[in-house]
Amino acid sequence: MNLLIVTACPNGQVTSVLCSRLLQAAAERLGWQTCVEVHDSRAIGAPLSEAQIAAADWVLVVKTGELSLARFAGKRLVQAAPAEALADPQRFLQDAAERAQPYVERAESETAGRRRLVAITACPTGVAHTFMAAEALQQAAQRMGIDLQVETRGSVGARNLLDEAAIAAADALLLATDIEVDTSRFAGKKVYRCGTGVALKQPQQTLEKALSEARPLAEAAAPAEGKAVASSGEKSGPYKHLLTGVSYMLPMVVAGGLLIALSFVFGIEAFKEEGTLAAALMKIGGESAFQLMVPLLAGYIAYSIADRPGLAPGMIGGLLASSLGAGFIGGIVAGFLAGYSAKAIAHWVRLPASVEALKPILIIPLLASLFTGLVMIYLVGSPVAGMLAGLTAFLDGMGSTNAILLGVLLGGMMCVDLGGPVNKAAYAFSVGLLASSSYAPMAATMAAGMVPPIGMAIATVLARRKFAESERQAGKAAGVLGLCFISEGAIPFAAKDPLRVIPASIAGGALTGALSMYFGCKLMAPHGGLFVLLIPNAINHALPYLFAIVAGSLVTGVLYALIKQPEVQPQAVGA
């Protein structure tokens, strides 16, 4: 049998490749001949030729978004979602071969009555939740017969940009975002807002609410600051503004931290020798990137509150916070001062129509910068600097008991919601301390964040029979994500069995955090997982640090393997 396999998961290139490889291997075990085409958001890999399409007995298309199938008209064809195809690839192929039907392209009149949505997903780090939420929404839309196009705003920038035609044709816009995004191009559209976590865990309900509860953009943006929109589950107010600032700050922190770590390759104090490569790396990372960290944090907090007019006063306030020694705490204060003052000026200052255009480029930046700067210099700077100095001294001088307790707290927080607000709060706290040369909390935080996905991978190996085939495959992916410090790798397990997965993860994460602090581990880089350990001197006690990660992961894995309910148990009883 000659089979064509087409995979197209535009917001999850890893899923596209994984589907193609597993399905091709399963087809080869069945003795079938295959040709594979893998799509991603920028190009088409190995495009099928007309001759290959003509020679095929049938075509399998595994996709999560829109894909033109006109070239397969008349060929026997089956469409499926990745989750369906990966559950048991070999059996799936056998069943699909039997139910394949000649493909007839739908006429435009048939699709005219279909419901249409466009969506944007964005999370603070832009690594996992952004793309996982997009894929979950696309799979749910396919099951529900909804035309959906999703734009992702991740760490690599915007992907699958929504064009004007798609926006105009959509019934509503779904904003599944944890940070502020520019909505100026959606003027006049009805909008429904929620967080990425809600979209990931409840994609079908989210799509239904987006169609039934969307409101005009001006109304959707109207809720008062500090009040959460309970109906949509969106994080709003000060917390969302803080996450926006952290999101824009993170690339600067990661780049600066890794450059500092690279300077240590030549020796811990090699950067003190002028003219050396180590000194240059420290100058780029420590003296440049880290100096921009707090201004970026403050600037984009203000941007989230007051849009572009808040950016300049926010960055000015953040730079003042750095120069006054107020650090990241002062930067947060400056960001909120600048944002709310800029917003107040925009709302209350009335100018003649002839000079109204000067407000965003002259009046607001001038007055908001003046207000923020004076408050930072005369009221906020010195007290916050003293508080930060006290916190740094406490962290540097705390005894073993206090260190262990802090490690337990940070480690547990990293595992409570796997990339959610509690996780991000612990991470942001640790990242902020890097600018004050407090590296121990960062080590505990990153180590604990790796535990849940690695623990799930261990559990799928130790209690293999308790997990379905799709869960075992997810366990392998979770293990890789865990090594990269992507806690979200454990979300598929937590979403399905939260009352067991979350406590097991917290137990392992708390142990790892405690051990890391007890051993006095200090990490110079804020991201990268175990791969950061390849940089000499990036962490001071590499072997104890690895032991802490392994110990916590084993606790989580063994504990969940013991308390997990077997997936096959109901089938066995029915037999």
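Values reported hereafter were calculated over all heavy atoms of this structure, with side chains retained and with hydrogens, waters and symmetry mates removed. Just so it is clear, the structure is predicted and the values come from calculations on it, not from any experiment.
Note: Met144 CE to Leu207 CG = 5.0 Å, rounded to the nearest 0.5 Å. Between Leu137 atom CG and Gln204 atom CD the span is 11.5 Å, to the nearest 0.5 Å. Between the CE atom of Met414 and the OG atom of Ser487 there is a distance of 4.5 Å, given to the nearest 0.5 Å. How far OH of Tyr340 is from CD1 of Ile301: 10.0 Å, rounded to the nearest 0.5 Å. Atom CD of Glu135 sits about 11.0 Å away from atom OG1 of Thr121, to the nearest 0.5 Å. Rounded to the nearest 0.5 angstrom, Met293 CE and Met249 CE are separated by 5.5 Å.
Ile332 has its side chain within reach of Leu297: a pair of non-hydrogen atoms, C-beta onward, lies under 4.5 Å apart. A heavy-atom distance below 4.5 Å is found between the side chains of Asn540 and Cys521. Taking 4.5 Å as the limit, every side-chain heavy atom of Leu174 sits out of range of all side-chain heavy atoms of Leu148.
Judged by distance alone, the side chain of Ser516 and the main-chain N or O of Gly513 form no donor-acceptor pair under 3.5 Å. Although no hydrogens or angles enter the test, the distance criterion places no donor-acceptor pair under 3.5 Å between the side chain of Gln142 and the main chain of Gln138. Looking at Ser288, its side chain does come within 3.5 Å of a backbone N or O of Lys283 through a donor-acceptor pair.
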Verdict with reasoning, Leu296 to Met315, per side-chain contact (heavy atoms from CB on, under 4.5 Å): CA-CA 6 Å; Leu296 271 178; Met315 287 193 168; 3.6 Å; yes
Worked check of side-chain contact (heavy atoms from CB on, under 4.5 Å) between Met442 and Tyr427: CA-CA 8 Å; Met442 188 71 254; Tyr427 182 66; 3.4 Å; yes
CA sep, side-chain torsions, deciding dist, call: Leu410, Phe429, side-chain contact (heavy atoms from CB on, under 4.5 Å): CA-CA 9 Å; Leu410 291 175; Phe429 171 77; 4.1 Å; yes
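Of all heavy-atom pairs spanning Ile486 and Pro453, the tightest one is O-CG, 3.6 Å. Closest heavy-atom contact between Ala448 and Cys415: O-SG, 3.6 Å. Of all non-hydrogen atoms in Leu117 and Ala172, the two that sit nearest each other are CD2-O, 3.4 Å. Contact record, Thr244 with Ser304: OG1-OG, 3.5 Å, taken as the closest heavy-atom pair. Nearest heavy atom pair, residue Leu311 against residue Gly299, reads CD1-O, 3.5 Å. Considering every non-hydrogen atom in both Met517 and Leu406, the closest pair reads CE-CD2, 3.8 Å.
A salt bridge is defined here as a Lys NZ or Arg NE, NH1 or NH2 lying under 4.0 Å from an Asp or Glu carboxylate O, and Glu208 with Arg115 meets this definition. A salt bridge between Glu213 and Lys209 is absent, with no side-chain N of the basic residue lying under 4.0 Å from a carboxylate O of the acidic one.
Residues satisfying the side-chain hydrogen bond (donor to acceptor under 3.5 Å, both in side chains) test with Arg350, not counting sequence neighbours, are none. Scored by the side chain to side chain contact (heavy atoms under 4.5 Å, CB included) test, Leu530 finds Met450, Leu483, Leu533, Leu546, Ile549 as partners (sequence neighbours excluded).
A parallel orientation is assigned to the rings of Tyr300 and Tyr248, their planes being inclined by less than 30° (bins at 30° and 60°).
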Can you give each donor-acceptor pair under 3.5 Å made by side-chain atoms of residues 357-377, sequence neighbours left out, with the distance rounded to 0.1 Å?
| residue | atom | partner | partner atom | Å |
| --- | --- | --- | --- | --- |
| Lys359 | NZ | Ala346 | O | 3.2 |
| Lys359 | NZ | Val349 | O | 2.8 |
| Lys359 | NZ | Glu356 | OE2 | 3.1 |
| Ser369 | OG | Pro365 | O | 2.5 |
| Thr372 | OG1 | Ala368 | O | 2.8 |

